[in-house]
Protein chains: 2
Amino acid sequence: MTVLTETLKALAEPTRLHMVELLKERPYSVNECAKLLDIGQPQASKHLKILNDAGLVVAKTAAQKRIYSLIPEAFCQLDEWVKSFTVLWDNRLARLDGHLTERKDKR
Amino acid sequence: MTVLTETLKALAEPTRLHMVELLKERPYSVNECAKLLDIGQPQASKHLKILNDAGLVVAKTAAQKRIYSLIPEAFCQLDEWVKSFTVLWDNRLARLDGHLTERKDKR
DNA sequence: AAAGAATATATATGTAAAGGAATATTCTTT
DNA sequence: AAAGAATATTCCTTTACATATATATTCTTT
């Protein structure tokens with residue numbers, strides 16, 4: 001399976017989606033995630049592992065705690081992919097714009 | 001489940017991901033999709049239904065054929081969401097840029 | 001070294017989703 | 001109305017995944 005589907009699958013789960021939106025604020029430890037999302041610690045660990053395996057988050061060990069934070073690259077890559085679609089419609093608008101201004105110019 | 005997870009879940013499946021990348025070229029009928037993706041017609045119909053339910057594609061009936069095409073809005077919304085993340089890093093760079101130029105200006 | 005804190009892993013269970021094959025539906029043409 | 005084309009739906013089986021609970025691991029502190 002491609003790296004993109006891995007990314008999408010990791011995000012396509014409600015709890016994990018909440019997680020990344022939580023980590024958008026700032027890095028959090030496993031327990032903090034668990035409490036803020038109202039789930040058990042094992043669940044939090046598992047979901048974070050999946051996000052980690054997908055390259056969406058990274059853990060920084062601090063004493064016994066593990067502080068998780070988002071990895072920008074993953075989201076940028078996803079952004080690139082989505083853009084490869086939205087560009088299609090943007091281009092049409094741009095081209096339309098171009099034609100209109102062209103017409104204007106010809107007047 | 002939110003509309004975003006619905007979108008992500010629909011895209012988080014290899015076959016369906018191929019489908020949308022196929023439909024990026026141009027609209028295709030069910031049979032065309034099935035042949036190009038080397039899957040059975042029922043599978044193609046099912047996956048297209050899921051994409052349809054997720055608001056990613058729409059079908060235009062032409063005789064017995066059903067021509068499927070992408071729905072721009074769905075991808076634009078996804079784009080907005082991803083941007084809400086990438087903006088974070090862009091902002092920091094922008095701010096950094098801002099500070100640097102500010103310093104430059106002060107000289 | 002022992003105890004406690006924080007996190008990771010293992011196991012079992014239930015549930016959702018994908019794949020395959022057969023069948024049903026819809027529309028067109030003669 | 002009948003036949004054929006194109007697509008949708010149903011049923012079944014299997015796999016993947018999420019949840020819950022218990023247990024193991026790792027690190028710090030005393």
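Chain letters run A, B, ... following the sequence lines, proteins first, then strands; residues in each count from 1.
- The 5' end of DNA chain C is approached more closely, in terms of each residue's nearest nucleotide, by A:Val30 than by the other of A:Val30 and B:Thr15.
- B:Ile50 comes within contact range of the sugar-phosphate backbone alone, with a heavy-atom separation under 4.0 Å but no base atom that close.
- For the pair B:Met19 CE and C:dG19 P, the computed distance is 10 Å after rounding to whole Å.
- Looking at A:Trp81 and B:Glu21, their side chains do bring a donor and an acceptor atom within 3.5 Å of each other.
- The phosphate of D:dA8 (OP1 or OP2) has a side-chain N or O of B:Tyr68 nearer than 4.0 angstrom.
- Expressed to the nearest 0.5 Å, how far CZ of B:Arg16 lies from CD1 of B:Ile50 amounts to 4.0 Å.
- Considering only side-chain atoms of A:Gln64, the nucleotide from D:dA8, D:dT28, C:dA18 that sits closest is D:dT28.
- Side-chain proximity of B:Lys9 to D:dT19, D:dC11, C:dA17: nearest is C:dA17.
- Nearest-nucleotide assignment on DNA chain D puts the 5′-proximal partner with A:Arg16, out of A:Thr61 and A:Arg16.
- Atoms NZ (B:Lys60) and P (D:dA6) sit 18 Å apart, rounded to a whole Å.
- We find that CG of B:Leu37 is positioned 14 Å from P of D:dT7, with the value rounded to whole Å.
- Applying the 4.0 Å criterion to OP1 and OP2 of D:dA5, one finds that B:Asn31 has every side-chain N and O outside that range.
- Defined by atom type and a distance below 3.5 Å, a donor-acceptor pair is missing between the side-chain atoms of B:Glu6 and B:Thr2.
- The side chain of A:Gln41 has C:dT7 as its nearest neighbour among C:dT7, D:dC17, C:dA21.
- The aromatic rings of A:Phe75 and B:Phe85 lie parallel to each other, with less than 30° between the two planes, well short of the 60° mark.
- Note: CD (A:Glu6) to P (D:dA16) measures 13 Å, nearest angstrom.
- Contact annotation for A:Lys49: backbone-only contact, meaning every heavy-atom pair under 4.0 Å involves sugar-phosphate atoms and none involves a base.
- Between B:Arg66 and A:His47, the one whose closest nucleotide on DNA chain D sits nearer the 5' end is B:Arg66.
- Of the candidate nucleotides D:dT19, C:dT9, C:dA22, C:dT9 has the atom lying nearest to any side-chain atom of A:Ser45.
- Between the side chains of B:Glu80 and B:Ser84, not a single donor N or O lies within less than 3.5 Å of an accepting N or O.
- Rounded to an integer number of Å, the gap from B:Leu8 CG to D:dC17 P is 16 Å.
- At whole-Å resolution of the value, CD1 in B:Ile39 and P in C:dG20 are 9 Å apart.
- Interface remark: the A:Gln43 side chain does not form any donor-acceptor pair with the D:dA18 base, using a distance-only criterion of under 3.5 Å.
- Hydrophobic cluster membership differs between B:Val20 and B:Ile71, with clusters built from Ile, Leu, Val, Met, Phe, Trp and Tyr side chains linked at under 4.5 angstrom.
- With a 3.5 Å ceiling on both atom-pair distances, the Watson-Crick or G-U wobble partner of D:dT29 is C:dA2.
- Between B:Leu48 atom CG and D:dA8 atom P there is a gap of 7 Å when expressed in whole angstrom units.
- For D:dA6, neither phosphate oxygen OP1 nor OP2 lies less than 4.0 angstrom from any side-chain nitrogen or oxygen of B:Ser29.
- Atom CG of B:Asn52 is separated from atom P of D:dT7 by 14 Å (rounded to the nearest Å).
- For C:dT28, the OP1/OP2 oxygens have no side-chain nitrogen or oxygen of B:Lys65 closer than 4.0 Å.
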